[in-house]
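Just so you know, ligand 1 is whichever comes first in the structure, and atom 1 is the first atom listed for that ligand.
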Amino acid sequence: MKIQMTDLRVGYPQIKEEVEKAIMAVLKKTNFILGEEVEKFEKEFAEFCGSKYAIGVASGTDALKIALLASGIGEGDEVITSPSTFIATTEAIVQSKATPVFADILPDTYTLNPEEVKRKITPRTRAILPVHLYGHPADMDAICDIAVRHNLKIIEDCAQAFTAQYRTSSDGKWHYTGTLGIAGCFSFFPAKNLGAFGDGGMIITDSEEVYNKARALRNHGSFVRYYHEMDGFNSRLDTIQAAVLSVKLKYISRWTAMRNEVAARYKSMLGKDIFVPVVKENCRHSFNYYNLRFKNKTIRDRVQKSLTDNGVASQIYYPVPLHLQDVYKYLGYKKGDFPVSEMVSDETLALPMYPELNDEEVTFICNIIMSSAG
Ligand SMILES: Cc1ncc(COP(=O)(O)O)c(C=O)c1O
């Protein structure tokens, strides 16, 4: 049996007709750049998340970069984030001319450890950039508390966490990730929970100032065509992608529920012997990824080999934590600085995860894992 990490073909027939109609409508209008579908999708996305504004951009990486800049982060500023994430998180910080400062993560949810964040605050710290890794929200009560005490901005990396929710202790209500800081940043990379047919991203915010600045930044720093108030970028969400995403958005809650069912099946088969993802009681997981942790690297590598030999894809997120990447040597970190992040690189393995993964496939995968984990 061949099983991929995610299989975009399986769910497609269900939405094919609607999606193709939506694409054809754009082709007929030829409104390819910032067409009305972009604004429509921005409104729908903002409404879904419960935020005032949404700004469609070219990718999740650009969403982070533009959100940082629109929030006033720049040269000389320090932004605290996790070393256990995709490099886009720190690329965005560096591209906004700020300096990434790493803080280690929690061993259960793999998200920023608030106590470690506190230790990293200096007079130059301006923002915290929590990553809701794999789709589990970071400890936002504690992070928001730190931000308020130290007058820091929060820019949330929700690339893997669209539809994930957090129940804040202040009001006891559920909030979608991305609505708890000054800006939330999303990716529509095809393998994300809400995937486009190419690249795309979104920023959400309740701040009119951030909204206006982000809208200008994504379009050459311009509010009025050919009049430029700042240096910006060419980073607009493509109209065809917006049309596709508008259709897919209608199904997203169902797909997240299906991902959670797949996760529950994995857990019921593996949860006794292997460390499976936890879901904190004040969190709802979006399960972009399903990440297992083994007792050590030898077992993890043996399981991965066995999965590969049997045609099952798996992935290490991420094999080298960011503080040990060549590109960040200049930041001066060394092995041992962030033991939990290093442990994640050595001992975890992500399994296939998509809404339509069926019982038979999950059982097949789990049997391979159980017989090779020893
Ligand atoms: C945690 C995280 N942040 C940011 C990004 C960047 O998103 P994009 O690929 O759309 O630029 C990704 C995408 O893989 C991601 O996983």
By the rule that ILVMFWY residues connect when side-chain heavy atoms come within less than 4.5 angstrom, directly or transitively, which residues belong alongside V320?
-> L324
What residues, two or more places apart in sequence or in another chain, satisfy salt bridge (charged side-chain N to carboxylate O under 4.0 Å, His left out) together with E229?
-> none
All salt bridge (charged side-chain N to carboxylate O under 4.0 Å, His left out) counterparts of E361, not counting sequence neighbours | none
Charged N-O contact under 4.0 Å between E91 and K65 | no
Within 45 degrees of the axis of the six-membered ring of F275 and under 6.0 Å from its centre: does R293 put its NZ or CZ there?
-> yes
With a cut-off of 6.0 Å (strictly less than), are more than 12 heavy atoms of other residues, nucleotides or ligands near NZ of K97?
-> no
Starting from the N and O atoms of ligand 1, collect every protein N/O partner closer than 3.5 Å and put each pair on its own line with the distance to 0.1 Å.
| unit_1 | atom_1 | unit_2 | atom_2 | d |
| --- | --- | --- | --- | --- |
| ligand 1 | 3 (N) | D157 | OD1 | 3.2 |
| ligand 1 | 3 (N) | D157 | OD2 | 2.8 |
| ligand 1 | 7 (O) | S187 | OG | 3.4 |
| ligand 1 | 10 (O) | G60 | N | 2.8 |
| ligand 1 | 10 (O) | S187 | OG | 2.7 |
| ligand 1 | 11 (O) | G60 | N | 3.3 |
| ligand 1 | 11 (O) | T61 | N | 2.8 |
| ligand 1 | 11 (O) | T61 | OG1 | 2.4 |
| ligand 1 | 14 (O) | K192 | NZ | 2.8 |
| ligand 1 | 16 (O) | Q160 | NE2 | 2.9 |
| ligand 1 | 16 (O) | K192 | NZ | 3.2 |

